[in-house]
Amino acid sequence: MPEITRRTLLAFTAVASLVEPTFAEGEGASPELQALIGAHEAAYVALHRVVHRAGSNSHDRKRADRIEEEGLLAICSYPAISRGDRRAKAEYLLATEARGELDLEVHMQAILHSMMRG
């Protein structure tokens with residue numbers, strides 16, 4: 001049996017969102033998920049700004065890292081029930097994973113728990 005990796009699990013989630021029929025076929029991501037993604041994108045940019053800013057201290061970097069991590073965990077934990085949410089969540093997390101940033105055990109736990117809700 002092939003090894004199940006994070007990438008495989010996320011790809012399966014993305015495929016499942018395309019195959020499973022829903023009542024609202026053309027729906028996009030919910031405003032809640034869009035807000036979580038927007039907040040994480042902003043936190044990610046802010047983290048890189050702090051890391052690369054001359055004179056930034058470890059406190060600033062740790063704070064920015066914590067905020068970015070909390071934002072990513074909020075997306076991982078989000079119970080994407082609609083087809084649009086499942087697709088948007090999977091696409092965003094696959095892009096994040098491709099950058100090598102979806103690498104903590106807590107990320108996978110949050111994703112798996114979010115799949116059990118609803």
Side-chain angles (χ1 to χ4, degrees):
M1 181 169 178
E3 180 182 2
I4 303 288
T5 64
R6 292 178 182 142
R7 186 179 299 260
T8 305
L9 178 64
L10 291 172
F12 175 77
T13 302
V15 169
S17 74
L18 297 174
V19 174
E20 183 179 308
T22 63
F23 292 107
E25 288 293 328
E27 68 185 293
S30 67
E32 295 86 3
L33 182 56
Q34 290 175 13
L36 290 175
I37 289 172
H40 178 256
E41 288 174 337
Y44 184 77
V45 168
L47 171 63
H48 282 273
R49 192 175 301 134
V50 168
V51 167
H52 298 293
R53 182 179 69 213
S56 68
N57 59 45
S58 65
H59 175 71
D60 292 339
R61 287 189 296 274
K62 286 179 184 177
R63 182 175 182 273
D65 184 58
R66 180 180 46 78
I67 292 168
E68 185 273 335
E69 180 65 29
E70 288 172 357
L72 182 56
L73 279 172
I75 295 168
C76 291
S77 299
Y78 185 78
I81 296 169
S82 73
R83 181 178 185 185
D85 276 357
R86 287 192 307 270
R87 182 177 182 92
K89 178 178 176 176
E91 287 176 353
Y92 190 77
L93 292 179
L94 282 168
T96 302
E97 195 278 333
R99 293 189 311 253
E101 297 173 10
L102 190 64
D103 56 352
L104 299 179
E105 183 177 321
V106 69
H107 294 145
M108 287 309 302
Q109 291 173 354
I111 293 167
L112 293 172
H113 283 288
S114 76
M115 293 168 66
M116 295 171 45
R117 296 182 191 135

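Taken from CD in Glu32 to CD in Gln34, the straight-line distance is 9.0 Å, to the nearest 0.5 Å. To the nearest 0.5 angstrom, Leu73 atom CG is 10.0 Å from Gln109 atom CD. How far CG of Asn57 is from CZ of Arg61: 6.5 Å, rounded to the nearest 0.5 Å. Rounded to the nearest 0.5 angstrom, Lys89 NZ and Thr96 OG1 are separated by 12.0 Å. Separation of atoms NE2 (His48) and CZ (Arg53) is listed at 14.0 Å; rounding is to 0.5 Å. Here Glu91 contributes atom CD and Arg87 contributes atom CZ; the two are 4.5 Å apart, rounded to the nearest 0.5 Å.
Each of Leu47 and Val45 belongs to its own hydrophobic cluster when Ile, Leu, Val, Met, Phe, Trp and Tyr are linked at side-chain heavy-atom distances under 4.5 angstrom. Hydrophobic clustering, with ILVMFWY side chains joined whenever heavy atoms are under 4.5 angstrom apart, keeps Leu72 apart from Val51.
Residues Arg63 and Ile67 are in side-chain contact: their nearest non-hydrogen atoms beyond the backbone lie under 4.5 Å apart. Using a 4.5 Å cut-off on side-chain heavy atoms (C-beta onward), Leu93 and Ile75 make contact.
In this structure, the side chain of Ser56 engages the main chain of Val50 through a donor-acceptor pair within 3.5 Å. At distances below 3.5 Å, at least one donor-acceptor pair connects side-chain atoms of Ser114 with backbone N or O atoms of Cys76. Judged by distance alone, with hydrogens and angles left aside, the side-chain atoms of Asp85 form a donor-acceptor pair with the main-chain N or O of Ser30 at under 3.5 Å.
In the model, His107 has a side-chain atom that pairs as donor or acceptor with a side-chain atom of Glu69 under 3.5 Å.
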Leu102/Ile111 under side chain to side chain contact (heavy atoms under 4.5 Å, CB included): CA gap, chis, key distance, verdict: CA-CA 11 Å; Leu102 190 64; Ile111 293 167; 4.3 Å; yes
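Cation-pi geometry between Arg99 and Tyr44 is satisfied (NZ or CZ under 6.0 Å from the ring centre, within 45° of the ring normal).
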